[in-house]
Number of protein chains: 2
Amino acid sequence: MSGAHPIVAPIGAEPAPVSQTRDGNSSSRIAELIRDAILRGEYRPGARIRQEDVAQRFGASRVPVREALRTLEADGLVTLVANAGAWVSQLSPAECDEVYQTRERVEPLLLRYAMPGIDAATLDRLDELVQEMRQTDDVEEFLRLDRQFHLGSYASARTTVLGDLVHRLWNTTQHYRRAFTLLLDEHSARVVHDEHHMLVTALRDGDGTGAESVLAGHIRRTRLGLSRHPEVFDLTD
Amino acid sequence: MSGAHPIVAPIGAEPAPVSQTRDGNSSSRIAELIRDAILRGEYRPGARIRQEDVAQRFGASRVPVREALRTLEADGLVTLVANAGAWVSQLSPAECDEVYQTRERVEPLLLRYAMPGIDAATLDRLDELVQEMRQTDDVEEFLRLDRQFHLGSYASARTTVLGDLVHRLWNTTQHYRRAFTLLLDEHSARVVHDEHHMLVTALRDGDGTGAESVLAGHIRRTRLGLSRHPEVFDLTD
DNA sequence: ACTCGCCAAATTGCATGCAATCTGCCATGA
DNA sequence: TCATGGCAGATTGCATGCAATTTGGCGAGT
């Protein structure tokens with residue numbers, strides 16, 4: 001995520017490079033591959049990541065792997081300890097709560113940035129996603145759709161730092177969303193779907209304040225739900 | 001900043017390493033040195049950073065320098081372009097506005113986290129800083145005191161991600177705060193000082209909501225001030 | 001049975017060197 | 001005069017190899 005939107009196209013004292021992020025970069029590629037593996041749940045929180053393993057797996061030497069791990073550390077997905085190694089980051093209940101409180105304040109802002117760019121086609125697509133979420137029973141499928149729904153609602157925001165920040169917050173809490181989704185009873189699930197629907201309705205009505213408020217409440221509800229299920233953080237791997 | 005508070009002490013499937021961040025790490029050390037140089041203004045926005053130069057300057061090879069640059073890229077202080085090089089990041093007016101809007105929402109939250117830990121001694125120290133800011137005429141001194149004041153008011157917050165996030169936001173806007181401070185007329189400066197004083201008063205009264213609101217307004221005022229001075233972003237290096 | 005200290009294997013940290021790519025300048029031609 | 005192509009120097013990207021540190025188990029001692 002980070003690096004996807006460079007803070008600025010470098011224009012400097014010295015001639016600016018062409019801004020074509022070729023990304024033929026081995027370390028960027030590896031960072032993305034490890035990130036995906038973590039988000040998919042292939043690497044689980046607390047699991048150790050050995051440089052040599054990753055290097056061999058992706059056909060590179062340990063140097064670009066180390067750079068990728070630095071990137072992921074800053075993303076909050078990996079915890080590095082000098083001379084000891086790298087582990088997939090874990091969140092304590094308090095830390096997860098912190099991330100959700102941050103999301104509660106920041107995502108409505110990002111949504112506001114996105115609103116001018118949300119057209120009818122986007123709204124229809126969001127409605128579709130709400131329906132698909134209502135119909136699926138598969139946790140992984142739900143997670144994928146939920147992510148598509150929310151990040152999709154932000155997609156038209158022409159931001160640089162804020163979009164990246166929200167992506168990071170989503171990534172660091174991905175595991176706990178997965179565990180929490182498993183615990184959703186039918187009533188809670190219905191509330192979630194209704195809130196999604198209310199969000200789309202507010203967006204369709206051009207009600208920015210309403211949309212912000214629905215979204216904040218939605219995140220808040222999830223945060224409170226998580227705080228009632230500390231067992232989500234027991235990683236009996 | 002990032003890495004100072006690992007998301008969590010790694011406790012995992014495999015034996016957990018001792019959490020003593022020895023930081024004898026060459027790349028961490030170099031990241032910090034470059035970060036300081038950027039914040040001091042020694043490297044200016046848009047300036048190119050050559051790996052070999054940094055390596056020689058700090059007595060290391062290019063490998064740890066590259067890792068440090070990756071860290072700083074994720075911090076938003078450096079922009080990397082594959083096969084071309086590293087530049088000190090620049091913010092466009094729109095991006096800076098974005099960062100300030102984010103701060104406006106996030107810093108009051110961090111302040112709320114900090115409040116329970118703010119004792120009388122801290123409040124006295126904050127008052128002292130307000131006085132010192134009133135008295136100084138030196139821009140660098142003011143910047144230093146202002147940073148101490150605000151980050152100091154957050155210091156007792158026992159957070160992990162939120163504290164780091166705020167530090168990052170402060171760092172990426174440091175150059176523009178410096179340029180903006182130069183433009184402050186006497187009236188605006190007085191308003192700033194008064195707001196600082198109001199913040200301490202609210203904190204002393206245990207008025208959390210008031211403190212949050214003063215802080216949000218303070219950041220907002222600065223943001224609007226910046227938007228009236230686009231020349232701050234002309235980097236005639 | 002339990003603790004402590006030590007040693008070999010495993011792993012990380014980094015310097016070196018070479019290949020790939022880009023930058024900036026100069027020659028060539030319109 | 002200006003645009004274009006291409007080459008040499010400079011710079012980045014990465015594989016290799018070695019030194020430093022940690023890990024985990026074994027044995028001595030209590």
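Chain letters run A, B, ... following the sequence lines, proteins first and then strands; every chain starts at 1.
Between A/Q51 and the phosphate of C/dA10, there is no side-chain N or O to OP1/OP2 separation shorter than 4.0 Å. Considering only side-chain N and O atoms, B/S26 lies under 4.0 angstrom from the phosphate OP1 or OP2 of C/dC14.
In B/Q56, the CD atom is not crowded: 12 or fewer heavy atoms of neighbouring residues, nucleotides or ligands sit closer than 6.0 Å.
Taking a cutoff of 4.0 Å between a charged side-chain nitrogen and a carboxylate oxygen, A/R168 and A/E73 do not qualify as a salt bridge. The pair A/E52-A/R50 fails the salt-bridge criterion, with no side-chain N (NZ, NE, NH1 or NH2) lying under 4.0 Å from an Asp/Glu carboxylate O.
Among the nucleotides C/dG13, C/dA15, D/dG13, the one closest to any side-chain atom of B/N83 is D/dG13. In this structure, of C/dT12, C/dG13, D/dT12, it is D/dT12 that holds the atom nearest to the side chain of B/R48. Of the candidates C/dT12, C/dA15, C/dT23, the closest approach to any side-chain atom of B/A84 belongs to C/dT23. In the set C/dC22, C/dT11, D/dC14, D/dC14 carries the atom at the smallest distance from any side-chain atom of A/P64. Ranking C/dC14, D/dA15, D/dC14 by closeness to the A/N25 side chain, first place goes to D/dC14.
The interatomic distance linking B/R29 (CZ) with C/dC14 (C1') rounds to 12 Å, in whole Å.
DNA chain D is contacted by both B/V63 and B/E52; B/E52 maps to the nucleotide lying nearer its 5′ end (nearest heavy atom per residue).
The side-chain tip of A/R103 points at the ring of A/Y100 from less than 6.0 angstrom away and within 45° of straight on.
One can find a donor-acceptor pair under 3.5 Å joining the base of C/dG13 and the side-chain atoms of A/R62.
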